[in-house]
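Hydrogens, waters and symmetry mates play no part in the numbers below; they use all other heavy atoms, side chains included. Just so we're on the same page: letters track the sequence lines, and every chain starts at 1.
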Amino acid sequence: MTQATRETETGVNGDAAAVATKGGPGAGSGLRGFSRDDLHGLLADMLLYRRFEEKAEEAYAIGKIGGFCHLHIGQEGLAAGAIKPLRADDLVITAYREHTQALAKGITPRAAMAELYGRSGGCSGGRGGSMHLFDTSLGFYGGHGIVGGQIPLGAGLAWAIRYRGGDQVCVCFMGDAAVNQGSFLESLNMSAVWQLPVIYVVENNGYGMGTAFSRVSVTDMEARSGAYGIPAHTVDGQDVLETYRFFEELAGQVRAGAGPQFVNALTYRFRGHSMSDPVSGTYRSRAEVERHVEEQDPITILRDRMMDADLLTQEELEAVDAEARAASEDAADFADASPPPDPSTLYDHVYAEINEHGRLFLDGRGKGPAAGAGGPAAPGFGGGDHG
Amino acid sequence: MTQATRETETGVNGDAAAVATKGGPGAGSGLRGFSRDDLHGLLADMLLYRRFEEKAEEAYAIGKIGGFCHLHIGQEGLAAGAIKPLRADDLVITAYREHTQALAKGITPRAAMAELYGRSGGCSGGRGGSMHLFDTSLGFYGGHGIVGGQIPLGAGLAWAIRYRGGDQVCVCFMGDAAVNQGSFLESLNMSAVWQLPVIYVVENNGYGMGTAFSRVSVTDMEARSGAYGIPAHTVDGQDVLETYRFFEELAGQVRAGAGPQFVNALTYRFRGHSMSDPVSGTYRSRAEVERHVEEQDPITILRDRMMDADLLTQEELEAVDAEARAASEDAADFADASPPPDPSTLYDHVYAEINEHGRLFLDGRGKGPAAGAGGPAAPGFGGGDHG
Amino acid sequence: MAEITYRDALNAAMCQEMDRDDSVFLMGEEVAEYDGAYKVSRGMLDRYGDRRVVDSPISELGFTGLCVGAAMTGLRPICEFMTFNFSFLAIDQVINSAAKMMYMTNGQVPVPIVFRGPTGAALQLSAQHSQACETWYVHAPGVKLVTPATPADAKGLLAAAIRDDDPVAVMEGELLYNVRGEVPDEEYVIPLGVADLKRSGDDVSIVTHGKMVHVALQAARTLARDGIEADVLDLRSIRPLDVDAILETVARTNRVVYLEEGWPFAGVGAQIVSLIQDEGFDDLDAPVVRVTQADVPMPYAKNLEQLAKPGVKAVVEACRKVLYLPAGGR
Amino acid sequence: MAEITYRDALNAAMCQEMDRDDSVFLMGEEVAEYDGAYKVSRGMLDRYGDRRVVDSPISELGFTGLCVGAAMTGLRPICEFMTFNFSFLAIDQVINSAAKMMYMTNGQVPVPIVFRGPTGAALQLSAQHSQACETWYVHAPGVKLVTPATPADAKGLLAAAIRDDDPVAVMEGELLYNVRGEVPDEEYVIPLGVADLKRSGDDVSIVTHGKMVHVALQAARTLARDGIEADVLDLRSIRPLDVDAILETVARTNRVVYLEEGWPFAGVGAQIVSLIQDEGFDDLDAPVVRVTQADVPMPYAKNLEQLAKPGVKAVVEACRKVLYLPAGGR
Ligand SMILES: Cc1ncc(C[n+]2csc(CCOP(=O)(O)OP(=O)(O)O)c2C)c(N)n1
Ligand SMILES: Cc1ncc(C[n+]2csc(CCOP(=O)(O)OP(=O)(O)O)c2C)c(N)n1
Ligand SMILES: [Mg+2]
Ligand SMILES: [Mg+2]
């Protein structure tokens, strides 16, 4: 679905200042403005994200995926709703819980899954892993592991847009816990001073790891951007249609020069923080999680609405789900078959340039001028068998 | 003047939330609540600060003082007005423009001047210099050179007060430019979450070096603390009486548990940013500076009011000024006579403990176990003659 | 004496010191209600309450500075970094406040703080989560650094660090937390600055610290099968540095390998080589060989990660090299 | 060829590159309206406007990250730190974003950024403002580091750094800004990784970088009065490192002093010693002697500061030491 193919009625007021009070769960929850195809498209997107991550979960359990792996399950409405209305040349940057956002911006399930597997077919060549999916040709700028680290980078992407006189928009996602990083202040302030075309989106799932936002903030999320004069908006991220309409409108405003925006997107994480964190635990009860899974699943919410409106049959649902599963299986098969990175590339891409003079690497490999690419690893490092 | 010796009528409302709108230039400018002695005390304090810094300026010009030297001239109303109402055991921490704040908290002119001269009689033994005056026995915690660096430290002082169950207050000063450091967000947020007994005071002189606040912020200063639910207050720092009344009241509230506070104290710097910066220049006109010196000198303002109320004669003024000059001269004489630090102490105080085992210093001095104190510098470093 | 994990030994050290001294408190992300991201502080919230075991926001610069400020008044904060990777955000407070405070105040303001958490790589955590941070903490004077390798050392060194009046960084290892070992039940401290000969042998010295002690020991066992007996000297403390112990092993074996997890350029090993060439030059029969992480950011892919990490084989080869033996030991 | 200051040479390099390439811009505190805290960017706001010469708030972490983000799209920011002392606040973005980005994206995202500003001590700026920051920037792979010592090098190396596709730190010296020297008027670059023999003599090698080149030259002149002729090898670039040039001077004089402004522990000099013992072991007639800042935070008092800084006398003594001459040269 693209902007062009659907009606343009939206639930967002045209005035940036006025939208500050817009939204909240339940607002604008109708199907209006979406064609049948639009709706089927969003449903298929979200189902793909869900099945993809369930597949990743499985693969992690059997050791095909390693390291940290943060699932977005439960938060797919936000990936689809915030990214799908963007233009292909708009830019997205985010933290480490980014699989579905990468898919939404166009990275294929194969390239994403192969990255999780650490294979050469991955979108970061297997060097990045789950936390560092990248495809800048699609406007997807990662995948960052330091909480809050992507916020100034996002400001920089927006800076670059403005510098070049482009009309793209940068969407910079962060978790609710990231707003307590100093980088948030510094980035929002600069964005306001320079009126950068950036939308900061907090995926407010209520927790940073095991810490409820209310334990590390006395104010509500909406209070955080006013210090820099940036309008705050709240949107129900579990309602993909509301979210879609909202971001379509807001991106248009920013494109037209409305300046930086701050969105508090309400959502919920259905899984543990990462694979080693149980789904419920000391910081949230099983009942709380179950209630959210029951009532706040963005896929269920859309499905029910579509069925209620006779826009989706059980058979259609099963078909689209089967497709999502098949794509995920295919991605896993692709990843499995993709070879690991060539060991001879260990030193590639540390530096962009193959230096003609001097030595770049100081670990005793290559006594001649440093070769930036393709040189074999020093024999001394070939025996890594620790861990 | 202490709290006990003067009447307690103040211009500050008892309710922390209500004071958020209090103040502004000219508000509460009467003499009410101050005894004759109180007023003479504050005048003498500010004159001492002024003469002390003028003396420092002179000493800098003839090379007795080196490095960076940031004068507070023009901002003395805030040093006296914010610090004098505090209790002796309250804590103060600040940035590098701190000479007069150090004097206000009880560091003697001699100890302060000797520090500026880099002499052993200085309050930091000559090792700190202008930017790092310290006397923690007086509750004065420095003197910090990294913009914004003292803000989390101030939160930590307040944390320690609360941890020990004390009823002191920490006053943490910063410049207007420091609120754009991430440490500001992080510190204010933690202070709010833990309800720390701290007053953050922005000495808002309108500029960070050559940058007007309005060039690096789209919001007013008062907007900055609301993000963390911390009440914002504005006070006219050029009016020492208003400032005094205000801080006396506010410190009392914080002592009683009102939680962290944020004060936008309006002031103006009459000198350049540091000794190498001209008084006026590209970023502010000569006329602007002259207007402020004319109309906004905290000493003149108090003097005129006292004279208008027949509480000060010309002779009295001359006497108190002569005393301030004498004290500054005496401080300079003391500093001049104070020996430089003993060269044999070069390695002292890097570490608190004289380690019995291992070597702490790795520059080849002392091949035996490291001596933490008193060991002679390695011969290799005795010849420093560069620069 | 019980066999417990490295994790529990750290926990025991913190509890030992918190029992002794009310001025000790623990602050960090997830240390309280969650029992620690790696469960090092398990049970401590229940035992000491939320005055002394404190969950912080994700504000590394802020809570580090707050802890330093508290230490300036004489409190003894244990400031936990979930991992030292995240402490880059806080390093200004580590270097410009903690390390320099005592000196620039002429001894008025000691900063008795402990910074602790895991350093170095675990498994496939990729570039931003796999960094060995020692160099950043020892280059500047003013901070001490200890790197316990065993449960017994973990308890004794962390306890000593907490009692120390200087800022001490205690770098642990995520992959060490489950390592088990005998740990005395009673109260004890291990003084900083005392290296420990974890194994002795007269043919070659493997000098190392932290997690790599285990790699060194494994390498020593491998070498022994070829009749080569290695000293394994665990520095335990990088600042202060037990120079005597280093020179002693150099003098005895005349052949040295320095093994560390971090990068080579200006790594700890570079300093050790410099020290040995300065003070043990005549005792060396061969140049010291260093084994380090490959000079690249840590890759995610398992095979590349293995290649990048210093391992047993590399250590064995390095030992053979300083012995002028042909490559290709078992 | 005109004689201009180091400051103006840096300015010329930035203008040269900004004239050539619209993707180059300058951002930092006070760089625009104030002409730079040290006037390095004098006149550039007038010449290029506020789109390309930009005053930032005092937000080191933020504007550094912003510049890195811009560089990720192919722009070529020159990110000025008023001094590198303040870059500790930004180092997370330097290491975790700039240095690692290319690697973890498999080469997709080069980060062609320059970080520049003065490093090291000026005069009596005390502990927090007098730090030589080299080690923090070279330990991690992914960043390059150059340290121009003369006006001609300043222009050529900064220009090369701006054209380079990798993050390059250019560390200047506040005390160098007024140094004058001949600088070619025309456009030129000096490739990174090429050391420069600033003086040649066959008796002893003083290897050094940055501001210390001048101290080394003065020491060499002093030594010459006693008939001792010193090589002064200016590394110019620390990463990439001109290993061949180092080994060449070692092979020729067999006696080496490494001189640097920073601290000793895991300093650049430690790495150079390690390199020489590794690859030039047999060429050494004496252990390399390092001359560094005393291992203390920089004190304010003039006399202590002088003691703490590496000076000509210390270098002369070090040279005599590696020549096994008695102390006490002129
Ligand atoms: C600077 C930093 N500190 C700590 C961590 C460890 N950590 C990873 S994710 C996380 C919680 C972040 O929560 P939030 O921002 O709400 O995002 P969510 O995981 O809920 O998507 C923490 C503490 C980190 N990666 N970076
Ligand atoms: C982190 C950091 N960045 C930059 C500097 C250089 N610097 C010193 S003072 C100053 C301006 C600060 O202005 P403000 O906070 O308003 O305080 P004022 O000087 O007006 O009292 C700057 C940029 C510094 N010391 N620390
Ligand atoms: Mg969250
Ligand atoms: Mg100011």
Please name the pair of heavy atoms, one in C/G62 and one in B/P152, separated by the smallest distance, quoted to 0.1 Å. O-CB, 3.6 Å

Check whether C/V68 gets within reach of chain B through its side chain, its backbone, both or neither, counting any heavy atom under 4.5 Å. both

For B/Y141, is it the side chain, the backbone, both or neither that has a heavy atom under 4.5 Å from a heavy atom of chain C? both

Do the non-hydrogen side-chain atoms of B/L153 and C/M72 ever get within less than 4.5 Å of each other? yes

Minimum heavy-atom distance between C/Q271 and B/L362, given as atom pair plus value: NE2-CD1, 3.4 Å

With respect to chain B, which residue among C/N106, C/I238, C/V54 yields the maximal number of heavy-atom pairs within a distance under 4.5 Å? C/N106

Relative to chain B, which of C/D165, C/L247, C/T73 shows the most heavy atom pairs under 4.5 Å? C/T73

Under a 4.5 Å heavy-atom cut-off, does chain C meet the side chain of B/L157, its backbone, both or neither? both

Within residues 86-93 of chain C, contacts to chain B at heavy-atom distances under 4.5 Å involve C/D92, C/Q93

Here the gap from C/D166 atom CG to B/L360 atom CG, rounded to the nearest 0.5 Å, amounts to 7.5 Å

Is there side-chain contact between C/D22 and B/Y163, with at least one heavy-atom pair below 4.5 Å? yes

Return the option, out of C/I58, C/I246, C/V194, with the maximum number of heavy-atom pairs under 4.5 Å with chain B. C/V194

Between B/H349 and C/M101, does the side chain to side chain contact (heavy atoms under 4.5 Å, CB included) criterion hold? Intermediate values first, please. CA-CA 9 Å; B/H349 307 309; C/M101 195 64 69; over 6 Å; no

Return the option, out of C/A71, C/P110, C/P191, C/S23, with the maximum number of heavy-atom pairs under 4.5 Å with chain B. C/P191

Using only non-hydrogen atoms and a strict under-4.5 angstrom cutoff, which residues of residues 164-171 of chain B touch chain C? B/R164

At a 4.5 Å cut-off on heavy atoms, which part of C/L275 comes close to chain B: side chain, backbone, both, or neither? side chain

For B/W194 and C/P57, the nearest pair of non-hydrogen atoms, with its separation, is CH2-CD, 4.0 Å

Quick one: what part of B/L196 sits under 4.5 Å from any heavy atom of chain C, side chain, backbone, both or neither? side chain

So how far is it from C/S237 OG to B/H357 NE2, rounded to the nearest 0.5 Å? 10.0 Å

Would you give the length of the straight line joining atom CZ of B/R162 to atom CZ of C/R51, rounded to the nearest 0.5 angstrom? 9.0 Å

The interface call for C/E60 against chain B, heavy-atom contacts under 4.5 Å, is backbone

Taking 4.5 Å as the heavy-atom cut-off, does anything in residues 102-135 of chain B contact chain C, and if so which residues? B/C123, B/S124, B/G125, B/R127, B/G128, B/H132, B/F134, B/D135

Determine, step by step, whether C/K144 and B/Y351 satisfy the side chain to side chain contact (heavy atoms under 4.5 Å, CB included) criterion, reporting the C-alpha distance in whole Å, the side-chain angles of both residues, the deciding distance to 0.1 Å, and the verdict. CA-CA 9 Å; C/K144 296 171 177 170; B/Y351 292 97; 3.6 Å; yes

Tell me, do B/M190 and C/F63 make a side-chain contact under 4.5 Å, heavy atoms counted? yes

Heavy-atom distances under 4.5 Å only: say whether C/D50 touches chain B with side chain, backbone, both or neither. neither

For B/R224, what residues pass the side chain to side chain donor-acceptor pair (under 3.5 Å) criterion, not counting sequence neighbours? A/N189, B/N180, B/S217, B/T219

Decide if the gap between the ring center of C/F25 and the ring center of B/W159 is smaller than 6.0 angstrom. yes

One option among C/V138, C/V143, C/D242, C/L235 has the most heavy-atom pairs under 4.5 Å with chain B, and it is C/V143

What's the separation between atom CD1 in B/I146 and atom NZ in C/K100, rounded to the nearest 0.5 Å? 7.0 Å

